[in-house]
There are 2 protein chains.
Amino acid sequence: MSKPRSRRGGGRPTLADVARKAGVGAITVSRALREPGRVSEDLRRQIQAAVDELGYVPDPNARALASARAEVFGVLVPSLTNNVFAEVVRGIYDSLSDSPFRIQIGNTHYSGLEEERLLQVFGSQRPAALIVAGIDQTPGARRLLENAGCPVVQVMETGPDPVDMMVGFSHFDGGRTAAGHLLQAGYRKIGFIGARMDPRSQRRLAGYRAAMEAAGLFDPRLITTTPVPSSVTLGRELFRDALAKMPTLDGVFCNNDDIALGVLFECHRASIDVPKQIGIVGFNDLDMMQVSFPSITSVRTHRYEIGTRAVALALAAIAGNPPEQRIVDLGFELMRRESTAR
Amino acid sequence: MSKPRSRRGGGRPTLADVARKAGVGAITVSRALREPGRVSEDLRRQIQAAVDELGYVPDPNARALASARAEVFGVLVPSLTNNVFAEVVRGIYDSLSDSPFRIQIGNTHYSGLEEERLLQVFGSQRPAALIVAGIDQTPGARRLLENAGCPVVQVMETGPDPVDMMVGFSHFDGGRTAAGHLLQAGYRKIGFIGARMDPRSQRRLAGYRAAMEAAGLFDPRLITTTPVPSSVTLGRELFRDALAKMPTLDGVFCNNDDIALGVLFECHRASIDVPKQIGIVGFNDLDMMQVSFPSITSVRTHRYEIGTRAVALALAAIAGNPPEQRIVDLGFELMRRESTAR
DNA sequence: TTGTATGCGTTATCAA
DNA sequence: TTGATAACGCATACAA
């Protein structure tokens with residue numbers, strides 16, 4: 001003759017059930033779970049026992065509705081399979097695994113419009129924080145971020161005008177450093193090979209160009225790019241194009257490591273000696289760069305750490321301690337290897 | 001002298017606001033948004049106008065609370081950076097991008113306990129569907145899946161006893177096919193090199209072993225494995241170990257393509273001719289397998305499609321049309337290339 | 001086809 | 001330190 005359960009509901013224990021069993025008010029249970037310090041030792045223990053016995057798990061939806069804030073980190077990246085973003089996301093996950101925060105990822109497919117749409121969707125949940133890749137949001141997306149009412153971290157790049165906070169590095173400097181290294185190693189006809197050409201790639205290209213111009217060696221015919229998504233296969237093809245266009249090429253700065261690997265394989269196939277005839281530099285420094293034969297010089301970026309730092313900044317802001325330094329530049333590191341050692 | 005807004009709330013327009021503006025009941029607005037067919041043409045237009053004017057966006061939390069079902073797909077994978085799972089996840093995202101469903105990914109780090117914990121967390125949201133990688137759930141995890149009260153799809157593998165539905169292929173057959181191909185190509189001392197050695201790797205190994213035993217060529221010393229996460233670097237090291245242990249090795253079936261690439265690079269470095277001295281077969285067929293020099297034979301798996309099919313199954317079940325065939329075997333395809341063509 | 005009353009499980013407010 | 005009460009924004013059940 002137990003009192004009839006409410007007609008809806010999945011029969012899962014609720015806060016009220018726990019409260020009844022522990023002989024306290026519902027709100028006290030709620031507090032015991034969220035701010036244990038504000039509940040007396042005794043009650044806390046009774047409540048914990050009741051929670052364990054009933055197997056109570058808070059309903060995040062009810063919690064979000066009542067508190068007008070969901071314990072969710074919204075994360076927007078342009079690609080799920082690009083290792084670069086996957087590493088950032090992994091850093092975010094690892095940093096949040098012991099927190100109550102859930103993570104919601106959105107795939108923008110490198111589209112500003114899609115980013116805007118997802119921001120709209122994410123915003124409707126009143127997330128605890130928003131982490132977005134890049135600094136080139138559309139005006140609409142930027143407005144949504146500014147009005148999100150939560151900490152916002154732009155990642156992957158640094159720039160002059162953060163919505164709120166930023167963690168990344170200068171892609172322009174990265175590109176300039178890569179080209180500068182090839183120059184220093186004695187290469188002269190240094191090409192730029194790039195796929196996808198998103199804003200970050202464009203800035204790396206700009207850095208390359210700056211270095212080449214400073215050396216008085218810039219030539220637009222040295223540049224070979226395509227908006228097509230990057231792949232090892234594409235790297236090979238673009239390199240062939242570049243060589244056809246400019247047979248005297250003696251070095252290439254590749255937009256990323258996939259392209260660089262494609263170039264290396266084509267050199268093998270065409271019996272082009274690396275680094276004697278052609279020097280190769282990649283970008284990001286994936287694991288395989290150090291193992292390939294010859295090993296490939298690359299610009300190491302700190303993707304995983306970008307994720308962890310972004311979370312740290314957001315968490316601090318949520319806790320009411322917004323960081324002094326709103327822009328965190330994690331830099332990069334040139335890894336010199338056999339592919340440019342002639 | 002507008003009536004005082006409720007004391008909480010973020011000031012965002014609600015269903016009631018839209019209803020007032022459109023001059024209808026709140027429930028009618030709710031219906032117009034979810035089941036437009038059940039609302040008269042006229043009202044629908046008025047309501048749409050009010051929605052647009054107010055910029056109303058439904059609150060998913062309130063919706064979930066009221067309907068006891070969140071429009072969320074829970075997805076559990078063992079790794080975020082492993083391209084194999086990233087592709088599956090991408091397929092899931094693309095299939096759900098035009099639906100109201102959100103996606104929540106959990107990273108189990110190849111841990112059954114972590115999987116169980118995440119299932120607990122995910123379950124508390126009453127998700128619309130659950131997609132989990134693998135078929136080796138712990139008893140606890142399995143119970144949680146069975147009691148989730150929503151469609152469940154196990155992906156990556158097929159097996160005899162689905163919790164609900166399955167999409168994948170036989171890793172045992174994949175391993176046997178790979179080894180069989182090397183055998184057929186005339187290789188005899190065929191090694192198995194594997195890292196991570198999760199349940200799927202184990203089954204590929206079992207398939208390899210079956211093929212070798214059938215040929216009367218099995219020798220435990222041919223096997224070189226490690227629980228360490230896979231990488232190209234590791235592939236190189238394991239291959240060296242394998243060679244040291246068994247100098248007469250003339251072929252290797254690699255657990256995955258990263259390992260295979262590491263093996264290839266080591267062959268280059270040690271001037272071992274591929275495919276003459278050593279035949280190489282990888283697994284998954286990443287893009288780079290077809291570009292490398294020599295190109296590498298690999299077992300192509302349909303990761304992206306696994307994701308899309310899993311969503312299709314779940315969506316059908318949600319719509320009340322559970323599929324006849326609860327187990328979908330997408331198979332695999334052996335891609336013969338230069339690395340085994342002697 | 002449309003509306004009314006009520007409940008979903010939790011937290012904010014305010015009082016004790 | 002604890003509790004009663006009233007939201008939070010929406011959907012279900014049922015009636016009209």
Side-chain angles (χ1 to χ4, degrees), chain A residues 3-20 22-47 51 54-71 100 123-126 128 149, chain B residues 3-20 22-47 51 54-71 100 123-126 128 149:
Chain A
K3 85 166 65 149
R5 281 208 75 79
S6 58
R7 58 188 156 145
R8 288 195 263 161
R12 286 191 348 187
T14 72
L15 208 52
D17 295 330
V18 176
R20 209 170 304 130
V24 301
I27 189 64
T28 305
V29 176
S30 175
R31 270 200 284 262
L33 263 31
R34 289 173 302 140
E35 314 169 86
R38 291 186 46 186
V39 172
S40 69
E41 180 73 29
D42 279 7
L43 285 191
R44 206 164 34 187
R45 243 198 306 274
Q46 287 178 45
I47 290 170
V51 165
L54 261 35
Y56 168 75
V57 181
D59 182 330
N61 298 120
R63 184 171 271 186
L65 181 58
S67 65
R69 266 289 152 228
E71 291 180 311
S124 72
Q125 296 179 68
R126 306 164 179 280
Chain B
K3 84 166 67 147
R5 277 208 76 79
S6 58
R7 58 192 153 140
R8 287 197 260 164
R12 285 191 347 189
T14 72
L15 207 53
D17 294 331
V18 176
R20 209 170 304 129
V24 301
I27 189 61
T28 305
V29 176
S30 174
R31 270 200 283 262
L33 263 32
R34 288 174 303 139
E35 314 170 85
R38 292 187 44 186
V39 172
S40 69
E41 180 73 29
D42 278 7
L43 284 191
R44 207 165 33 187
R45 242 198 307 273
Q46 288 178 44
I47 290 171
V51 164
L54 260 35
Y56 168 75
V57 181
D59 181 330
N61 298 119
R63 184 172 272 187
L65 183 58
S67 64
R69 265 291 152 226
E71 290 180 312
S124 72
Q125 295 179 69
R126 306 164 179 279

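So that the names make sense, note that chain A is the first sequence line, chain B the second, and so on, each numbered from 1. Just so we're clear, the structure is a prediction, and the values are computed from it rather than from any experiment.
- Under the 4.5 Å side-chain criterion, counting only non-hydrogen atoms from C-beta, A/Q125 is not in contact with A/R69.
- Side-chain contact between B/R12 and B/D17 is absent, with no heavy-atom pair separated by less than 4.5 Å.
- For A/E35, there are no side chain to side chain donor-acceptor pair (under 3.5 Å) partners at least two apart in sequence or on another chain.
- Side chains of A/R126 and A/S67 form no contact here, defined as non-hydrogen atoms less than 4.5 Å apart.
- Atom CG in A/L15 sits roughly 13 Å away from atom P in D/dA4 (whole-Å rounding).
- What separates CG of A/L43 from C1' of D/dT2 is a distance of 8 Å, to the nearest Å.
- Following rounding to the nearest Å, B/L65 (CG) and D/dC10 (P) show an atom-to-atom distance of 12 Å.
- The phosphate of C/dT10 (OP1 or OP2) has no side-chain N or O of A/S67 nearer than 4.0 angstrom.
- C/dT11 atom C1' lies 12 Å from atom CD of A/E71, rounded to whole Å.
- Near-neighbour residues of DNA chain C inside residues 32-40 of chain B, defined by a heavy atom below 4.0 Å, number-ordered: B/V39, B/S40.
- Using a 4.5 Å heavy-atom threshold, the side chains of B/P60 and A/S124 count as touching.
- Close to D/dA11, at under 4.0 Å from its OP1 or OP2, lies a side-chain N or O of B/S30.
- Nearer to the 5' terminus of DNA chain C, by closest-nucleotide assignment, is the contact made by B/V24 (compared with the other of B/A62 and B/V24).
- Side chain of A/R31, nearest nucleotide from D/dT2, C/dT2, D/dG9: D/dT2.
- Within 4.0 Å of B/I27, counting heavy atoms only, lies at least one base atom of the nucleic acid.
- The distance from atom CG of A/L54 to atom CG of A/L15, rounded to the nearest 0.5 Å, is 11.0 Å.
- If you measure from atom CZ of A/R20 to atom C1' of D/dA4, you get 16 Å, rounded to the nearest angstrom.
- If you measure from atom CG of A/D17 to atom P of C/dG9, you get 9 Å, rounded to the nearest angstrom.
- Each of C/dG9, C/dT10, D/dT2 was ranked by its minimum atom distance to the side chain of B/R126; first place goes to C/dG9.
- Listed candidates were C/dG9, C/dT2, D/dG9. Nearest to the side chain of A/T14 is C/dG9.
- Computed from coordinates, the A/E41 CD to D/dT1 P distance equals 12 Å when rounded to whole Å.
- Taking only side-chain atoms of A/D59, from C-beta outward, the nucleotide of C/dA12, C/dG7, C/dT10 with the closest atom is C/dT10.
- Partners of B/R44 by salt bridge (Lys or Arg N to Asp or Glu O under 4.0 Å), not counting sequence neighbours, listed by chain and number: B/E41.
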